[in-house]
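The next block holds one structure in the form of structure tokens; read it before the comments.
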Amino acid sequence: MHPMSRLKQIANVFFVIWGVASLSGVEVLPDRAKIEPLALVAEGRGVPAAEEKVVGTSEGSSAGLPVFFRLRFGDGDFPQKVEALGGRTKRVHPQVYTGEIPGDAIRYVSNWPEVAYIEAAKRVYPLLDLSRPAVFADDVQSGAGLPAPYTGAGTYVGIVDSGLSDSHLDFFYNGDPSQPRVSYWYRGQSYSGVDTEWHGTHIAGIAAGNGFRSGGLFTGMAPGARLLVAKTTFTTVDIVQRVSDLLSFAGATPAAINLSLALNVGPHDGTSGFESGIGFLATDGVAPDRRQIIAVAAGNERTDGEHFQTVLPPFGSVNIPLTLEDGGLESLVDLWADGADRYTVTATLGTESASAATGGSASSSTGRVEIF
């Protein structure tokens, strides 16, 4: 046996022994600097307002909490280490993995030197308010002012959403059920790919419906394209995995993957596991030279006043007044800052307040104000 192979085997055995010992009563404290607080809802530390946005272990996942693993450096043994703790992973990038892990195992993973951060999967929800004439799709399809008509023929349109109606005539060539335009279905292990919510069918019609059922009156953006369909569980982890699946199937064929989904939790600066995972798939993926894009909904909530940004001076403070939703029993404020910063957050509601330093938690006397 090669000396390095032998050393690698010994390291793996040592890890398993250490893991078993840790799970057998030796207390291992989590490195909270590496764990997104929302990921701790699996341990019962979250409040209901947070649990509505995070996918937890109570929802029936056999492996536990869906998460993103951000690594400081590549580690080829990382999937096996996670599996030894009862979880599973899928590589998106050498330093970005998606996966599922038992909530209690997060404490062990957070102490591994190669792990930079662990993020919980977030719940997204469908959005769509685009209009075909507003983007001059009619002119593109007719070839007005162009060298030729462009209908999407020879390309794929990928839909990651609630599925697709398997009987709608707009998704067959010439409305013929024996000639489906769907080239690939991802239906999942425990559910059918058939759309029961109709949002996926709605956006698939706008993206690529051929208008057969309406006699050409209601035609999508790319009526000549073939379809790739993935029914998602509407979590950020699953969405990244499904986009990866569709792009892998597409290979070198030009493809456009559509995500008419929204998410208000997270930093929104491109650094989250979801954003960086989609960004990597859009720019590098498995075939950097291919002509493929990922389109994500944006701008639908620009007037809702749900985001703010401020600059905190060194050794200074900033007061930020917030108006909470009327009639809401609970509101969650999600704050993000540079990971190297140290700060104290004070939340005040009426006459109650609580203060907590970086990595800490606190609540007011009645618990109406809670920081974690």
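It should be emphasised that the depicted structure is a prediction, and the values quoted were computed from it without experimental measurement.
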Tell me yes or no: between the side chains of [X] and [Y], is some donor less than 3.5 Å from an acceptor?
{"X": "S364", "Y": "E352", "value": "yes"}
{"X": "S317", "Y": "N319", "value": "no"}
{"X": "S272", "Y": "E275", "value": "yes"}

Ion pair [X]/[Y], N-O distance below 4.0 Å:
{"X": "R72", "Y": "E114", "result": "no"}
{"X": "R107", "Y": "D31", "result": "no"}
{"X": "R88", "Y": "E83", "result": "no"}
{"X": "D238", "Y": "K90", "result": "no"}

Heavy-atom pair of closest approach, residues [X] and [Y]:
{"X": "S260", "Y": "A297", "answer": "CA-CB, 4.0 Å"}
{"X": "F69", "Y": "G99", "answer": "CE1-CA, 4.4 Å"}
{"X": "A120", "Y": "V67", "answer": "CA-CG1, 4.2 Å"}
{"X": "S355", "Y": "T344", "answer": "CB-CG2, 4.4 Å"}
{"X": "Y150", "Y": "L146", "answer": "CD1-CD1, 4.0 Å"}
{"X": "G200", "Y": "I159", "answer": "O-CG2, 4.1 Å"}

Please check this pair: side chain of [X] against backbone of [Y], looking for a donor-acceptor N/O pair closer than 3.5 Å.
{"X": "K81", "Y": "D75", "value": "no"}
{"X": "T235", "Y": "R123", "value": "no"}
{"X": "S142", "Y": "D138", "value": "yes"}
{"X": "D170", "Y": "G209", "value": "no"}
{"X": "T358", "Y": "Y343", "value": "yes"}
{"X": "S183", "Y": "L228", "value": "no"}
{"X": "N210", "Y": "F212", "value": "yes"}
{"X": "K122", "Y": "T236", "value": "no"}
{"X": "E119", "Y": "G273", "value": "yes"}

Less than 4.5 Å apart, side chain to side chain, heavy atoms only: is that true for [X] and [Y]?
{"X": "D245", "Y": "V243", "value": "no"}
{"X": "L164", "Y": "V194", "value": "no"}
{"X": "Y156", "Y": "F249", "value": "yes"}
{"X": "S276", "Y": "F68", "value": "no"}
{"X": "R226", "Y": "Y173", "value": "yes"}
{"X": "I101", "Y": "I106", "value": "yes"}
{"X": "I294", "Y": "V296", "value": "yes"}
{"X": "T219", "Y": "Q141", "value": "yes"}

Please report the C-alpha distance between Y108 and L85 in whole Å, then the side-chain angles of each, then the deciding distance to 0.1 Å, and finally whether the side chain to side chain contact (heavy atoms under 4.5 Å, CB included) criterion is met.
CA-CA 9 Å; Y108 307 111; L85 293 178; 4.0 Å; yes
From [X] atom [atom1] to [Y] atom [atom2], the distance as rounded to the nearest 0.5 Å:
{"X": "Q292", "Y": "L246", "atom1": "CD", "atom2": "CG", "answer": "10.0 Å"}
{"X": "R70", "Y": "Q95", "atom1": "CZ", "atom2": "CD", "answer": "8.5 Å"}
{"X": "N264", "Y": "D334", "atom1": "CG", "atom2": "CG", "answer": "9.5 Å"}
{"X": "I257", "Y": "I278", "atom1": "CD1", "atom2": "CD1", "answer": "9.5 Å"}
{"X": "I206", "Y": "M221", "atom1": "CD1", "atom2": "CE", "answer": "7.0 Å"}
{"X": "T366", "Y": "L349", "atom1": "OG1", "atom2": "CG", "answer": "9.0 Å"}

State yes or no: do [X] and [Y] share one hydrophobic cluster built from I, L, V, M, F, W and Y residues joined by side-chain heavy-atom distances below 4.5 Å, directly or via other members?
{"X": "I118", "Y": "V28", "result": "yes"}
{"X": "Y184", "Y": "I239", "result": "yes"}
{"X": "W198", "Y": "W185", "result": "no"}
{"X": "L312", "Y": "I320", "result": "yes"}
{"X": "V160", "Y": "L281", "result": "yes"}

Candidate pair K231 and D195, rule salt bridge (charged side-chain N to carboxylate O under 4.0 Å, His left out), full reasoning:
CA-CA 8 Å; K231 183 167 183 174; D195 193 357; 5.9 Å; no
Considering residues, nucleotides and ligands other than E306, do more than 12 of their heavy atoms fall under 6.0 Å from its CD?
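Check passes, neighbour count above 12.
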Other residues, nucleotides, ligands: >12 heavy atoms within 6.0 Å of R181 CZ
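Yes, enclosed.
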Check the pair Y117, S110 against side chain to side chain contact (heavy atoms under 4.5 Å, CB included), reporting the backbone distance first and the verdict last.
CA-CA 7 Å; Y117 201 60; S110 69; over 6 Å; no
Residues L71, V96; criterion side chain to side chain contact (heavy atoms under 4.5 Å, CB included); working and verdict:
CA-CA 6 Å; L71 305 187; V96 178; over 6 Å; no
Candidate pair V265 and L38, rule side chain to side chain contact (heavy atoms under 4.5 Å, CB included), full reasoning
CA-CA 10 Å; V265 179; L38 289 176; 3.5 Å; yes
Does R91 make a cation-pi contact with Y97 (under 6.0 Å, within 45 degrees of the axis)?
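No, a cation-pi geometry is absent between R91 and Y97.
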Relative to the ring of H199, is the ring of H202 parallel (under 30°), tilted (30 to 60°) or perpendicular (over 60°)?
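Perpendicular, since the angle between the ring planes exceeds 60°.
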Between H268 and H307, what is the ring plane arrangement, given parallel below 30°, perpendicular above 60°, and tilted in between?
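H268 vs H307 ring planes: tilted.
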